[in-house]
There are 4 protein chains.
Amino acid sequence: MRTNHELQASDSPNGSATSAGRPRSDEAHKAILDATLALLADVGFSALKVEGVASRAGVGKATIYRRWRSKLPLVVEAFSLLPALEEVDTGDLVTDLKKMLRNYFELFNSTPLGTVLPSLAGERRHNQALSKLLDPVLRERRRPLVRVLERAVERGELPRDLDIDLAADLIVGPIAVRLFFGGGKLGPRLIDSIVDLALSGLRGRS
Amino acid sequence: MRTNHELQASDSPNGSATSAGRPRSDEAHKAILDATLALLADVGFSALKVEGVASRAGVGKATIYRRWRSKLPLVVEAFSLLPALEEVDTGDLVTDLKKMLRNYFELFNSTPLGTVLPSLAGERRHNQALSKLLDPVLRERRRPLVRVLERAVERGELPRDLDIDLAADLIVGPIAVRLFFGGGKLGPRLIDSIVDLALSGLRGRS
Amino acid sequence: MRTNHELQASDSPNGSATSAGRPRSDEAHKAILDATLALLADVGFSALKVEGVASRAGVGKATIYRRWRSKLPLVVEAFSLLPALEEVDTGDLVTDLKKMLRNYFELFNSTPLGTVLPSLAGERRHNQALSKLLDPVLRERRRPLVRVLERAVERGELPRDLDIDLAADLIVGPIAVRLFFGGGKLGPRLIDSIVDLALSGLRGRS
Amino acid sequence: MRTNHELQASDSPNGSATSAGRPRSDEAHKAILDATLALLADVGFSALKVEGVASRAGVGKATIYRRWRSKLPLVVEAFSLLPALEEVDTGDLVTDLKKMLRNYFELFNSTPLGTVLPSLAGERRHNQALSKLLDPVLRERRRPLVRVLERAVERGELPRDLDIDLAADLIVGPIAVRLFFGGGKLGPRLIDSIVDLALSGLRGRS
DNA sequence: TCGTAAGCGAGACGGTACGTCGAGTCTTGCT
DNA sequence: AGCAAGACTCGACGTACCGTCTCGCTTACGA
């Protein structure tokens, strides 16, 4: 289900008329996105060549540029197809967070997510256009985490005056740091520690 | 004081002899690094052109390539010259952290740090060579934070069994997240909140 | 009519199929050759820059290198388009030769021939590849002169045992010498003298 | 014996004062010229690199540029050191010419002459500076041939009204043609034919 | 059932930057 | 001062992609 219409640079016949001529091939569309993800994972954003995508997808370059104005929105759309945090609601904050983050962690191993995300994020600052496309996608992907925290506030598990965005950052922060800067390896056990530490604070709890 | 010898791609005769021939110009060296930082700040990593650096530094391209094998190690060395966390030691953890992070935050506004760091970090995954050059630099830049935390453990302000690396990630995490993903803006007040939240945890303290 | 297929470095699909993709532009092809000739005349072979040809032809460098492996075959092909000796057949050897050479002499003034020819010839010795391309072209350009001499032999105007190649060299020699080494200027009157002298010999005739 | 002062770009103290400082090394001078000739023979004029000359001569580049303003006068001077036509005077024109040209022909096999001469000649047209340096050298090298012809005129072997320059061109022409354009190989026998043909004319004599 | 309009793979197009190389100049420390 | 060495600026080299533009097809629709 594609909803992100800004991603398409296309002058596609989204009006009423069903348009004349040969319709665009969904097959090609999918092949392009798959190739993009595969190459992003292999070589990263800046070494990704549109010609490489085309040849890997068995597609002409024009077929790519007909759908995406440049390699940027193409990459963003490919990225947006990667799975995001999946909401978990057991009624217990600690359980929810640990389950969600463990699931998410699995995605880093099973999808190009771990390599694509830093590539795009690193480019965001220098590329207003990318930022405009990417930011809503990123915001959306965080939503499940924000909702879990909001529910915890409602249940009284967390203080009413908590800055939810900041709270989310605190939880996600250590993962991001290790993703971007290397440092110690991630793992299910570490993820539990992160959640515990974020909830109780460095000073530890009574 | 440059210590990071791996950054130089040069085959320079760093043995004992002063080497024959005209020595490399320190002036040019500095001009190149300055130009690199200036351009990084202006246009970012991927839009940085070596030719741009050369012309801005008033230097021939060969002079750049004689010292750095490509734009990557050049940028890494330029980056490593940017100021890092500056250690503060007042005897009180909260004060130390807040001062350090506030100082650090200033650097994001007064240097290209905020733009260079994500660029490099985003590339790290796809570029083993970059990773090799960059990782020690990154590790070194974290060191002041680690030391502050270690002192706090010794003073008893933090639990003895604390995972210091993880603790550092928790503190730095929210800053990294906003740096890479956008989200809410940073500011001195927010930095205080980060420190308080990290120390006491999301649940708040007694 | 281009027949000299070796001149094209291209891997063009000259088989049977019309080949896929956009066909190469004849317009660009011509513009490149024209620019090459113009620049050869202006600045000569060794000062001719491929970038200069490209910009003068309003063409990207790649478009040149797609067709010719280097500036050398480019220049050879451009050269091969210049007019050559034009055969004249009046039935009288002296008349034929004088007309042909006078016509040829005009070409030195009206085309880049006089500058291009020495440039290429001077390079021939050091450049096997050039030699391979150039020699057949040069041979072909001499042919009209050889044929005129052959006809004269058949008519009995010249001895049957004459070494035709050497005879051609004798006639063309003085022109070449002045072309390459400077010396006295050429002119229609001088050309007549050359023909007379070559036919009758230095000792003069009875 | 160097006499060609224009060839030296040097500001050498050719006045009265014996100049202060270390005198220029004649050894280096000779090594440079030798290296130049060797490289000219190997790779030709346009592929000759000053750095190549320097390293082959075991000399710094500055030592070359201190003596010759650029690679051009260097090459010209090296060329001017090559042996030229050597005058022969037996009292018989045919004998003189055949001996001289046969000697000269030997030089093509035993020196870089055959490769250097076309290179320089081919450049002459596009390089006024080269032309200025080279032309007197070329003129001088022809002198023996001119003198032989003049003597033959005086002896009555050749007509009084003969255009001596043109006569020289006629004799030298076929050699030049084969040197520059390839064609049939040269050899002692062919040289005799050239002389005979030039003296008696293509039509043959009574 | 057929024309027509758009999509298709392929690849050439004008550009721009790459990383290399050589020209001719300059700067070391040594002779 | 000259010397060997080698770094300096400059500018062209030949390559690789960018995003656009034809080619000669193929494919669906609507007349």
Side-chain angles (χ1 to χ4, degrees), chain A residues 13 17-25 27-28 47-52 54-55 57-71, chain B residues 12-13 17-25 27-29 47-52 54-55 57-67 69-71, chain C residues 12-13 17-25 27-29 47-52 54-55 57-67 69-71, chain D residues 13 19-25 27-28 47-52 54-55 57-71:
Chain A
T18 330
S19 96
R22 178 175 176 176
R24 294 193 182 166
S25 154
E27 220 172 316
L48 178 138
K49 317 294 174 194
V50 175
E51 294 190 341
S55 86
V59 138
K61 276 200 293 175
T63 301
I64 296 179
Y65 284 106
R66 201 174 290 121
R67 291 150 198 268
W68 297 276
R69 194 175 302 289
S70 75
K71 87 171 182 175
Chain B
S12 64
T18 325
S19 99
R22 176 175 176 175
R24 295 195 181 162
S25 155
E27 218 173 320
H29 198 91
L48 178 140
K49 315 294 174 193
V50 176
E51 295 192 338
S55 84
V59 138
K61 273 200 293 177
T63 299
I64 295 180
Y65 284 107
R66 200 175 289 121
R67 291 150 198 268
R69 196 174 301 289
S70 74
K71 86 171 179 176
Chain C
S12 64
T18 325
S19 102
R22 177 175 176 177
R24 295 193 182 165
S25 155
E27 218 173 321
H29 199 91
L48 179 140
K49 315 295 175 192
V50 176
E51 294 192 339
S55 86
V59 139
K61 272 200 293 177
T63 299
I64 296 180
Y65 284 108
R66 203 174 287 122
R67 291 151 197 266
R69 196 175 301 292
S70 74
K71 85 172 179 175
Chain D
S19 96
R22 178 175 175 177
R24 294 192 182 166
S25 154
E27 223 173 315
L48 177 139
K49 318 294 174 195
V50 176
E51 292 188 342
S55 86
V59 137
K61 275 202 291 176
T63 301
I64 296 179
Y65 283 105
R66 202 174 290 118
R67 291 151 198 268
W68 296 276
R69 194 175 302 290
S70 76
K71 88 171 179 176

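All heavy atoms count here, side chains included; hydrogens, waters and symmetry mates do not. To find a chain, count down the sequence lines: A is the first, B the second, and so on, and within it residues start at 1.
dT28(E) atom P lies 10 Å from atom CD of E27(B), rounded to whole Å. Between the NZ atom of K49(D) and the C1' atom of dA23(E) there is a distance of 10 Å, given to the nearest Å.
Between the side chain of K61(B) and the base of dG19(E), a donor-acceptor pair under 3.5 Å is found. Between the side chain of R22(B) and the base of dC26(E), at least one donor-acceptor pair of N or O atoms lies under 3.5 Å.
Checking dC8(E), dC18(F), dG9(E) against every side-chain atom of R67(A), the shortest atom distance belongs to dC8(E). Here dC8(F) is the nucleotide among dC8(F), dA5(F), dT28(E) with the atom lying nearest to any side-chain atom of R24(B). With dC18(E), dG19(F), dC13(E) as the choices, the nucleotide that has an atom nearest any side-chain atom of Y65(A) turns out to be dG19(F). Considering only the side chain of S70(C), dG14(F) comes nearest among dG14(F), dC8(E), dA23(E).
Residue contacts for A54(A): at a heavy-atom cut-off of 4.0 Å it reaches no nucleic acid atom on any strand shown. When heavy atoms are screened at a 4.0 angstrom cut-off, T63(B) is found touching base atoms of the nucleic acid. The residue G58(B) sits close only to the backbone: its heavy atoms come under 4.0 Å of sugar-phosphate atoms, none of a base. L48(D) comes within 4.0 angstrom of sugar-phosphate atoms only, judged by non-hydrogen atoms across all strands, and of no base.
Between R66(B) and the phosphate of dC8(F), there is a side-chain N or O to OP1/OP2 separation shorter than 4.0 Å.
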- request: Please test R67(B) against H29(B) for side-chain contact (heavy atoms from CB on, under 4.5 Å), starting from the C-alpha separation and ending with a verdict.
  value: CA-CA 8 Å; R67(B) 291 150 198 268; H29(B) 198 91; 2.9 Å; yes
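Comparing I64(B) and A62(C) along DNA chain F, the residue whose closest nucleotide (by nearest heavy atom) sits nearer the 5' end is I64(B).
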